[in-house]
Amino acid sequence: MSVLVQKYGGTSVEGPENIRAVARRVVRARAAGNDLVVVVSAMGQTTDELLRLAHEVSASPSRRELDMLLTTGERVSMALLAMALHDLEVPAISFTGSQSGILTDAGHGAARIVAVRPERIRAELERGRVVIVAGFQGVNPETREITTLGRGGSDTTAVALAAALGRGRCEIYTDVSGVYTADPRVVRTARVIARLDYRACSTLAHLGGRVLHARCVDLAARERVPLAVRSSFDESPGTEIGENGMEGPRVEAVAHRDDCSIAIAEGNAGARGEARGIIEAVADAFPELELLAHEQPTDEHGVLVWIGSRADVEALEREFRTVRAPGGEWRLTVEHGAAFVSVVGLGLGARAAALAEAALERAGVPILALRTSPTALTFRVPGARAADAVRALHTALVETGA
């Protein structure tokens with residue numbers, strides 16, 4: 001059985017007319033001979049509105065109860081889309097994440113998928129139905145608690161289902177026409193990339209590309225799921241993501257993250273296991289924080305750097321003494337308003353770094369820090385100059401075909 005998994009984001013299902021338009025697109029895909037599984041996000045800004053409501057009710061909402069609350073958004077979308085398909089005389093059935101067999105670890109707020117058991121989905125597909133799945137959610141098989149997958153969770157749901165259903169094709173439908181060479185709101189000449197290698201797309205997602213979540217791309221690469229990103233509002237071909245056998249250095253895009261917050265922990269580690277204990281404790285308490293650097297040149301001194309939202313970094317600042325492992329003396333400082341601009345591609349080396357630094361120098365953008373890898377050159381720049389840096393790097397390295 002060949003299965004096509006389509007995922008529709010919040011703007012795609014925002015309001016009755018958009019839901020009916022998605023239903024018509026699903027009907028066309030089914031008429032082309034595909035067995036359809038459709039993953040939906042919550043409508044529009046529903047998740048943000050539910051979060052706001054939770055924080056109005058409670059100063060510190062329980063993570064378990066937040067998961068119970070937030071999963072209602074996707075359940076509304078899935079039921080409404082099933083109704084729209086019924087009106088088009090297409091048999092359809094909606095499932096929650098747990099009904100779909102999406103099993104996760106026990107973490108609330110940013111759970112990881114540990115297995116997918118899609119027996120009910122397969123059975124309904126064999127009956128000729130379109131199966132609609134609530135994205136962003138699953139269930140822990142041991143505790144039987146409902147969990148959410150964190151930001152980008154619906155994309156991850158779609159890829160996980162495609163992998164479990166025989167590495168079927170996965171199409172992510174959103175409000176943009178594909179993955180761009182830069183944020184088109186910042187660079188007017190940015191264009192849609194027709195095809196991206198898994199590695200380059202993963203790097204782009206990790207470093208500020210806003211179209212796909214990094215976990216979704218990493219899972220697609222690991223399971224070799226063919227992935228496409230398209231607009232749900234037009235018929236443009238979008239971006240295809242998969243294997244790419246071409247070799248040689250190539251710049252694909254410029255990504256950026258502005259208004260970031262950074263937490264920097266420095267201390268007398270006492271032993272190398274001390275820093276590892278802190279990393280694990282912070283990861284458990286604040287799963288959305290990203291460990292940016294771990295430097296420990298000696299047993300006596302270590303530096304750990306995390307990047308994340310202002311709310312998460314401020315919470316870590318308040319709770320650092322509680323969550324860190326016992327042992328050596330550590331001091332935490334935080335910075336807000338940081339910006340990171342990255343050149344993303346394959347086989348990047350000294351030449352690309354030199355071109356990038358020269359472009360920033362010509363634009364008068366100070367470089368506060370630089371981190372390099374074969375797939376990315378990441379510059380920390382003043383927050384107020386992030387857009388200038390993006391435009392300078394896009395002109396020098398993307399538009400010239402460097």
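Being a predicted model, the structure only gives us computed values, none of them experimental.
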Residues Cys170 and Ala158: closest non-hydrogen pair is SG-CB, 3.8 Å

His108 vs Asp67, test: side chain to side chain donor-acceptor pair (under 3.5 Å). Steps then yes/no. CA-CA 7 Å; His108 284 295; Asp67 277 0; 2.7 Å; yes

Taking the side chain as everything from C-beta on, heavy atoms only, tell me whether Asp175 gets closer than 4.5 Å to Phe233. yes

Would you check, one step at a time, whether the test side chain to side chain contact (heavy atoms under 4.5 Å, CB included) holds for Asn18 with Tyr8? CA-CA 10 Å; Asn18 283 354; Tyr8 292 90; over 6 Å; no

Would you say the side-chain atoms of His55 pair up with the backbone N or O of Pro61, donor to acceptor, closer than 3.5 Å? no

Shortest non-hydrogen contact from Ala352 to Leu397? O-CD2, 3.8 Å

Salt bridge check: are Arg257 and Glu290 linked by an N-O gap of less than 4.0 Å? yes

Closest approach of Ala190 to Ala182 (non-hydrogen atoms, all atoms of both residues): CB-O, 3.4 Å

Side-chain contact test, heavy atoms from C-beta onward, threshold under 4.5 Å: evaluate it for Thr189 versus Glu399 and give yes or no. yes

Determine whether Ser98 and Gln137 make a side-chain contact, defined as any pair of heavy atoms from C-beta on separated by less than 4.5 Å. no

Hey, could you give me the NZ/CG distance between Lys7 and Leu227, rounded to the nearest 0.5 Å? 11.0 Å

Taking Arg25 for its side chain and Arg20 for its backbone only, find out whether a donor-acceptor pair lies under 3.5 Å. no

Closest approach of Pro118 to Ala164 (non-hydrogen atoms, all atoms of both residues): CG-CB, 4.1 Å

So which of Ile93, Val37, Val3 actually passes side chain to side chain contact (heavy atoms under 4.5 Å, CB included) with Ile121? Val37

Hey, what do you get for CZ (Arg169) to CD (Glu171), rounding to the nearest 0.5 Å? 5.0 Å

Considering only heavy atoms from C-beta outward, does the side chain of Leu212 approach that of Cys201 to under 4.5 Å? yes

Please step through side chain to side chain contact (heavy atoms under 4.5 Å, CB included) for the pair Val381 and Leu368, ending with a clear verdict. CA-CA 5 Å; Val381 301; Leu368 305 180; 5.6 Å; no

Answer yes or no: is there a side-chain heavy-atom contact under 4.5 Å between Val26 and Val90? no

Testing the basics here: between Pro226 and Gly168, what is the closest heavy-atom pair and its distance to 0.1 Å? CD-O, 4.0 Å

Passes side chain to side chain donor-acceptor pair (under 3.5 Å), Thr147 versus Thr104? Steps please. CA-CA 7 Å; Thr147 58; Thr104 75; 2.7 Å; yes

Basic-acidic side-chain contact under 4.0 Å: Glu357, Arg362: no

Pair Arg215, Glu288 - check salt bridge (charged side-chain N to carboxylate O under 4.0 Å, His left out), show working. CA-CA 12 Å; Arg215 283 172 61 184; Glu288 295 291 345; 5.7 Å; no

Residues Glu252 and Arg199 bridged, charged N to O under 4.0 Å: no

Interatomic distance, Asp218 atom CG to Thr203 atom OG1 [nearest 0.5 angstrom]: 8.5 Å

Given the rule in the side chain to side chain donor-acceptor pair (under 3.5 Å) test, do Thr181 and His394 qualify, once you have shown the distances and angles that lead to the verdict? CA-CA 8 Å; Thr181 54; His394 192 272; 2.7 Å; yes

Once rounded to the nearest 0.5 Å, what's the spacing between atom CZ of Arg64 and atom CG of Leu69? 12.0 Å

Got Arg321 and Trp330 here, is their nearest side-chain heavy-atom distance under 4.5 Å? no

Taken to the nearest 0.5 Å, the spacing of Cys260 SG from Arg380 CZ works out to 9.5 Å

Go through Leu103 and Arg117 one step at a time and tell me if the side chain to side chain contact (heavy atoms under 4.5 Å, CB included) criterion holds. CA-CA 8 Å; Leu103 309 182; Arg117 296 175 184 163; 3.5 Å; yes

Taking the side chain as every heavy atom from C-beta outward, state whether Tyr173 and Gln6 have any pair of such atoms under 4.5 Å apart. yes

Can you check whether Ile102 reaches Thr157 side chain to side chain, under 4.5 Å on heavy atoms? yes

Heavy-atom pair of closest approach, residues Asp105 and Val114: N-CG1, 3.8 Å

Do the side chains of Glu56 and Arg52 get close enough for a salt bridge, i.e. N-O under 4.0 angstrom? yes

Gap between atom CZ of Arg222 and atom OG of Ser202 - 0.5 Å precision: 10.5 Å

